[in-house]
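A, B, ... follow the sequence lines: proteins, then strands. Residue 1 opens every chain.
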Amino acid sequence: MTPAPALEFSHVGFSYGTAPTLEDVSLRVGAGEFWALIGPNGGGKSTLLKLALGLLVSDSGEIRIFGKPPAEARARVGYVPQFATFPRDFPLAVEQVVLQGRLDSRNWWHPMRKGDHAAIRTALDRVGVADLVARPIGSLSGGQLQRVMIARALVADPTLLLLDEPTAHVDTDAETSFFDLLAGLRNSMAIVMVSHDVGLVSRHVDHIACLKRTLVWHGAAPLTEGILAQLYGASARLVDHRLTETS
Amino acid sequence: MSFATALFEHDFLRVVALAALIAAVSGGVVGTIVVTRRLAFLAGGIAHATLGGMGVAQWAGLDPLGGATVAAVMAALLIGIAAHSGHEREDMLIGAIWAIGMAVGLIAIAHTPGYQTDLMTYLLGNLLMVTAQDVAVMAGLMAFVLALLFLFWRPVVATMFDDEFATTRGLPTLAIQLAVLVAIALVVVVLLRAVGLVLVMALLTLPTATAGVFTHTLGRLMAASAVAALLAMWLGLEMALRTDSPTGASIVLSAAMLYVAALSYRRLRQTRNRSQDQHRNIRLQTHNQ
């Protein structure tokens, strides 16, 4: 028997109200694969991640994470949200934020355990910011905070890592080293990353899925201009590996 | 006569001091949650809704503080559940519950025969009138809230910080959020006797704002807020006794003065650091030349 894929969507549909946000989405991400999920704003990228995390429940179709329903597979999934989901001035140190990743549904009432400090240190080391452990999160730069968020996801040793627009608030230099960081992780886990920056991701990932309510296209990177035109309209061009829209 | 010397001469003041201590500690701890989660308006809504509970309880011949507890918890759960369902706007709902609670209370009090002076005590509080029974209720509520926070500290912090991520870790985040709202409601009841429902918001915000000048992690902020609240209580009681002023208002003004003092200290510290930096830069420049 072959092992269950990290993530499998079969004919999934979802709507927040009357208009469908996702229609008939089928996608299969194998263990250890590195995928980018691209598409226009409102195309359903974040919704797809939230369905995979069990934060939303699909209206139709079936979702399996390592062969299980999303709510039962949470212990194996790491999640890196968009920045906007929490207040930057919240009075916590980096260590306390990363510690949140150690919580799980069975042991969530326990105080900090022996292994927690070591696990936090290891996770921060993996993303290269171990020296920030005692810093208040309000004093971090965008790139540093991004790495702390990834450490929080990694501290639970996930085998599937889901990232929502991880480079949206990071400058270009940090973006490149950020992809190096993800490349270093991909041997031990499958990665699915939502992004709007088509040119950038197509050079780093090995599979791309284009989402615009339904799955317009998916396959091996890089993208061609024909697919982009289908996705964003005929005016879209890849210029110097970056997507620009001419008016 | 100072409050400290009076404390040894009058037995009832020891009850007052105990009530002040309980109000300061619970207000400081839960006030930190209110300030970091920006829930001041919600706390104000719960506080004013308690008038309904107190009025109805008095009308029915029951303990007003018990009525306040029921009303506060009901208001908190109603706001929390409705906000979660997403059908109603949270701020609109808080405003409505604020006003409805007060309206119910005013009607109930109007239909209760006897003295009407209690209304002012509810609205503005009087720490000097606190009874041993009140203190027992306050202590019980504080013990419950502190035990809840202590036992569930990690999930509570994780949910307050980022409830979506906490959900992905399998935490029952809705239950935790409602429990935090109930904790705020119970502490509102604790503070009612001290400063009255009109001024509760001050004790849930000013001490934490003061503490925020000196420390920046959640646990320390709670401890420092409790200390700031205690200081405000003591200064307020001193002021009330010496000038024969209402206790609630005196405590709130003391808390405000502490906050202004803390802000001035921060300004002074920043200016001094800046001028030190400038001196250092000038020295470096002359050295380089």
| Check ion pair B/Asp162-B/Arg169 (N to O, under 4.0 angstrom) | no
| query | Among side-chain atoms of B/Thr205 and B/Tyr259, is any donor-acceptor pair under 3.5 angstrom? | reply | no
| request: Between chain B and each of A/Val77, A/Leu55, A/Leu53, count heavy-atom pairs under 4.5 Å; write down the option with the most. | output: A/Leu55
| task | Flag the pair B/Phe150 / B/Phe152 as yes when their ring centroid distance falls below 6.0 Å, and as no otherwise. | result | no
| task | Select one option (side chain, backbone, both, neither) describing which atoms of A/Val97 are under 4.5 Å from chain B's heavy atoms. | result | side chain
| message | Regarding A/Ser15 and A/Thr21, do their side chains bring together a donor and an acceptor under 3.5 Å, going by distance alone? | response | no
| query | Is there a donor-acceptor contact under 3.5 Å linking the side chains of B/Asp163 and B/Thr173? | reply | no
| field | Atom group of B/Leu218 that falls short of 4.5 Å from chain A, counting heavy atoms | value | both
| By a 4.5 Å heavy-atom criterion (distance strictly below it), what part of B/Val157 contacts chain A: side chain, backbone, both, or neither? | both
| query | Hey, are A/Glu72 and A/Arg74 close enough for a salt bridge, meaning a charged N less than 4.0 Å from a carboxylate O? | reply | no
| message | One thing to verify: whether A/Lys50 and B/Glu164 come together as a salt bridge, which I'm taking to mean a side-chain N less than 4.0 angstrom from a carboxylate O. | response | yes
| said: Only heavy atoms, only distances under 4.5 angstrom. Which residues in residues 20-41 of chain B are near chain A? | reply: B/Thr36, B/Arg37, B/Arg38
| field | cation_pi(A/Arg152, B/Phe165) dist<6.0 Å, angle<=45 | value | yes
